Every structure is written in C-alpha cells, then in structure tokens.
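For reference, the structure is listed below as structure tokens.
This one's a predicted model, so the numbers in the text were calculated from it and none came from an experiment.
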Amino acid sequence: MDTLTIGRRIRQLRTARGMTLDDLAAAVGRAPSQMSMIENGRREAKLTQLQAIARALECRLDQLLDAEPLDARATLELSVERAMRGQTFQALGIAPFRVGRSVPDEALTAMLALQAEIERLREERSATPEEARRANVALRRLMRTQDNHFPELERVASGILEAIEHPGGPLTQRGASDIAAHLGFTLHYVPDLPSSTRSIADAKNGRLYLSTKVAKGDPRAAVLQALSSRILGHGEPTSYDEFLRQRVETNYLTGALLMPEAHVVPALREAKERRTISIEDLRDAYSVSYETAAHRFTNLATVHLGIPVHFLKVHESGTITKAYENDDVNFPTDRLGSIEGQMCCRRWTSRVVFDEDDLFNPYYQYTDTGNGTYWCTARVEQSSEGAHSVSVGVRFDDTRWFRGRDTPNRGVSRHAVETCCRRPPASLENAWRGQAWPNVRTPRTLLATLPTGSFPGVDTTELYEFLEAHAPVE
C-alpha cells in the first residue's frame, strides 16, 4: 500500500461521516497539520495511528488498507497526484498542488491524457543505439536506391540560386550572404556561441548567429548549413529517423548550393571524356573541403556519369563514421546491416593513407577483395575530433575515367574474413591470448542512448540563455 492511497481512503471515509479534519485530529489526539500530511500522502502513518483513525471513523482497519479506491473520482485524483510526483511534471517545472473537489473530472482526465502523451513522445524521441543504427540503415538503403541523388533538393537549390540571381559557377561568400538576406536573416558572429551548437537561427528576430571561430573553416558552408533547414521548412524532429533525414537533406542542399548541379555536371562530363576525373580538381574549382567535394561527386556520379561509387569517412582509430556505396563493395556491417561504427579493414585505402608521409598529394590504391578489385583515392583531414580520412572509390572497370589510375599502390583486403585484420594470425593469437590486458578507451557515445530531446547533443537551456542574451533590445 502506498501512502497516497491510504490517505485518500481516510479522507473519503472522514467526509462521508461528516467529520472535519479538526474533528478527526481531536479524536485521535493529533494536530490537524499532522492529519493533513497523512491524508495528502506526505507522511506514513504508523500501525497504532491507523488503528486509532479506524476507531474514530468507526470502520475496520482493513478498510483503510484496501488497495482499491472508493470511487471513480478518487481514482482520478490519485492518478493525478501520482503524476505530479513523477518525472514528467518535475521536468516541466510544475509544482505539485492539492487537487480539490472543485476541480472538474474533465480537467483531471485532460491532465492525465497530456501527461501520457508527453511520456509517449519522450519515449519515441529517445532512440537506443540499436534503434539509431536501424534508422541509419534504412536511410542508407534509400540513398542507394536513388544513387544518392535527390532531384527535389537539386530543384530547391536551383530555385534559391535563381532567386538571388546567381550568375553561375561556384557560390561566393557574398552569394551565401545574399541567400541569408533573401530568407530574412542578418549574420552575427559571436565569441560565445554555445559549445554544443554550430550555429543558432533566431527566427523571431531574423538573426543567424555563428561563431567567430568559423574563419578556420569554410564560412559559406557554416552559413548555408544553418539556413538549409529554414529553406526546407524543417520542424523539430519527432523521431531519430526524421532527425537523420533532416541532417542528410541539410548537408545535401548545402553541397548543391556551393557546387550547383548545372555547373558541375558539364565539368565532370568533360573530365570524364578526358579521363581526368579528380576529387582534388572539384575541391579546388569550388573552394570547398575535400569531404564536401567527395560528397558532391557521389551525388552526381551515377546519375549523370553512369559511374557507381563508394564513399568512406574513417576516424584515425579505424572506426567508420560515414559510408555510402552503390558499387557492390563489401564493407563490414553489424548484424543490422549498419556500416557506421564498424572497424575499417587496415589494408583498405582509408586506413593505409594514415601511414603516408606525403599529406600534400592525394593517395591512390587498388585493393583486391573477394568481391573484385576496387580503386580509391583518399585524403586525411583534421577536425576537432581528430584526424579523419575521406575516400572515394570505384570498381576496376571504371578506373579508366580517373586521374591516379596509374598508381603502383596495391593492397589485398579480405575484410569479410575475420583473419584478414579483425583477428590476429593463429600463431600470434596462440602466443599472446590470455597474456595481454589492454585498458579500453570507451567512446562517450557508447554510454549514452541516442538521441535525447529534439536536437541530440544540444543543451537547450544554454541555447535559450544565449538567445535571450543576444536578442535585440526593443
């Protein structure tokens, strides 16, 4: 029995007998404030006190200890009081209050329905790592079926560029500012942007806040990534599926604005005719990062050039953080089919490139696999999370279109077979198994469910405090 139920039964039996709280308190020799706390479930009554209360109410002790409420109204009141003491009400900052008889049943029912819906939404938005991987796998399958090309996003990008009268070719920094102005935003660079955010759009005052540190990267990309969600009309994501899809759409649209399809495709077709396709040339022609150029190439290569491709981003630890393929390359996956989070084969181009001393020139390599031979070009880029390699590759037959096809670098990867690199050779394993104990460096993300809240990883309090501090004074 919980104290709430016992207290409610005492109150109902007392009022049914026409007794006031003072009357009952006097009958059992207690102060009215003490009796009030017992009735409100804030104090647990001892057995001797319950016996005295039962005598004063002229009822049996088991009537006070009956788990069933006396009527439907009592059930409603108990449910609301329990809800007010729960995590949902506390998280909303709603202090518990006394549910009086004057509160209509309909109001109590509505409160319970709202509480149940809030809890449902919280649970729906909270994805476990397994659910996150399932959502990621579904999104990768969608990208593969469309050859990583989204015509509707290309049309949106074309419409925006037309609206600002973009003359064609690479988008300049002024062009990015023109897009912001076209959408009704002014740009503000601040030193105190919350560390959990890349940018903050203040839709109320038409302000876009970016960090003064953005100069270290591409300022155009920072602005466009911030504006893309506004262009696409994104709302707060209600599931991890939607969160992932929005992120992909935002990155895609940013690339399509920086490297317009109408300008890139003719250049790629010409490079294919000359057999000199190069991710480096794309990077340099449009003044974008190597990763942006590689992403954009995968958007356009299959649809416009007829070349299936694969893309990998691998952390220096060997963990795959991004992946895409429609060329039948056999990347390692978990039991759900997710590539991200798996260890990249140490003999694959994306891992070998980390050992190269020459960081100025691109690294090329042919890799023989159980699924055929693939050619890849790779680069290492630095970030706040450490070094990452970014690589783009194609099947052997399509290598003839690319610069770097004459590389002498070759590797053999059997990553589908554990002994390739995920397990040591038998002789080495026999010599050391049971004799070594490494201290594992556990990733933070492994310990957290993904995501929490509408915008995973963002401190909402810090976000709103920032906007309040920077809002223009009227």
Side-chain angles (χ1 to χ4, degrees), residues 149-194 196-238 242-264 286-289 291-292 295-296 299 454-458 460 462-474:
H149 184 262
F150 291 80
E152 66 278 11
L153 296 180
E154 300 287 356
R155 287 192 291 271
V156 170
S158 178
I160 290 291
L161 294 172
E162 184 178 342
I164 66 166
E165 299 181 351
H166 178 60
L171 183 72
T172 62
Q173 191 166 336
R174 180 173 180 175
S177 297
D178 288 343
I179 292 176
H182 172 69
L183 296 171
F185 282 90
T186 55
L187 304 181
H188 301 264
Y189 292 88
V190 295
D192 59 337
L193 195 74
S196 60
T197 65
R198 294 178 179 176
S199 63
I200 295 176
D202 177 357
K204 182 192 297 186
N205 299 296
R207 292 179 151 216
L208 179 60
Y209 296 102
L210 301 112
S211 173
T212 50
K213 299 176 183 178
V214 77
K216 295 181 180 179
D218 185 346
R220 298 170 304 161
V223 171
L224 295 176
Q225 284 178 336
L227 295 173
S228 290
S229 288
R230 306 298 303 176
I231 294 171
L232 296 171
H234 287 162
E236 288 192 14
T238 57
E242 189 175 357
F243 167 75
L244 274 183
R245 179 62 184 264
Q246 287 182 0
R247 190 171 66 174
V248 168
E249 290 178 345
T250 296
N251 289 336
Y252 192 108
L253 183 57
T254 297
L257 290 167
L258 287 170
M259 306 174 67
E261 184 178 38
H263 191 265
V264 179
Y286 293 89
S287 300
V288 295
S289 69
E291 183 176 351
T292 297
H295 267 302
R296 194 65 178 132
N299 297 152
S454 299
F455 304 100
V458 173
T460 309
E462 188 180 25
L463 168 67
Y464 293 155
E465 286 176 348
F466 170 86
L467 285 172
E468 187 69 24
H470 285 271
V473 179
E474 297 181 0

Search all heavy atoms of A201 against all heavy atoms of F185 and return the closest pair with its distance. CB-CE2, 4.1 Å
Please verify the inter-ring angle class for H263 with Y286; under 30° counts as parallel, over 60° as perpendicular, anything in between as tilted. perpendicular
Rounded distance (nearest 0.5 Å) linking atom CZ of F150 with atom CG of N299: 8.5 Å
As a quick check of understanding, evaluate side-chain contact (heavy atoms from CB on, under 4.5 Å) for R245 and E242, giving each step before the final call. CA-CA 5 Å; R245 179 62 184 264; E242 189 175 357; 5.6 Å; no
Closest approach of S211 to L193 (non-hydrogen atoms, all atoms of both residues): N-CD2, 3.8 Å
Just by distance, do the side chain of R220 and the backbone of S287 share a donor-acceptor pair under 3.5 Å? yes
Between V223 and A176, the two heavy atoms sitting closest are CG1-O, 4.0 Å
Taking all atoms of both residues into account, what is the closest heavy-atom pair of A180 and L227, and its distance? CA-CD1, 3.5 Å
If every non-hydrogen atom of T212 is compared with every non-hydrogen atom of P191, which pair is closest and at what distance? OG1-CA, 3.6 Å
Surrounding CZ of R247 (heavy atoms of other residues, nucleotides or ligands, distance under 6.0 Å), is the total greater than 12? no
So L224 and L171, side-chain contact (heavy atoms from CB on, under 4.5 Å) or not? Walk me through it. CA-CA 11 Å; L224 295 176; L171 183 72; 3.7 Å; yes
Please tell me if the side chains of S229 and Q246 come closer than 4.5 Å, counting only heavy atoms from C-beta onward. no
I want to check something: taking the side chain as every heavy atom from C-beta on, are E261 and H149 in contact at a cut-off of under 4.5 Å? yes
Tell me, yes or no, whether the heavy-atom count around E165 atom CD, taken from other residues, nucleotides or ligands under 6.0 Å, exceeds 12. no
Residue pair S177 / L187, side-chain heavy-atom distance below 4.5 Å: yes
Could you tell me whether the side chain of V190 reaches within less than 4.5 Å of the side chain of F466, counting heavy atoms only? yes
Rounded to the nearest 0.5 Å, what's the gap from CD1 on I164 to CD1 on I179? Could you check? 4.0 Å
Within-4.5 Å side-chain heavy-atom neighbours: V288 and M259: yes
Is it the case that the side chain of Y252 and the backbone of L153 share a donor-acceptor pair, with hydrogens and angles ignored and the cut-off at 3.5 Å? no
Gap between atom NE2 of H295 and atom OG1 of T254 - 0.5 Å precision: 11.0 Å
How long is the span from the CD1 atom in I231 to the CD atom in E249, to the nearest 0.5 Å? 12.0 Å
Among side-chain atoms of H166 and D178, is any donor-acceptor pair under 3.5 angstrom? no
Check whether any side-chain heavy atom of L183 lies under 4.5 Å from a side-chain heavy atom of L208, and answer yes or no. no
Carboxylate-amine/guanidinium contact R296 E154, below 4.0 Å: yes
Side chain R207, main chain H470, donor-acceptor under 3.5 Å: yes
Using 0.5 Å steps for rounding, measure from the OG1 atom of T250 to the NE2 atom of H234. 5.0 Å
One should read off an interatomic distance between Q225 CD and L257 CG, to the nearest 0.5 angstrom, of 11.0 Å
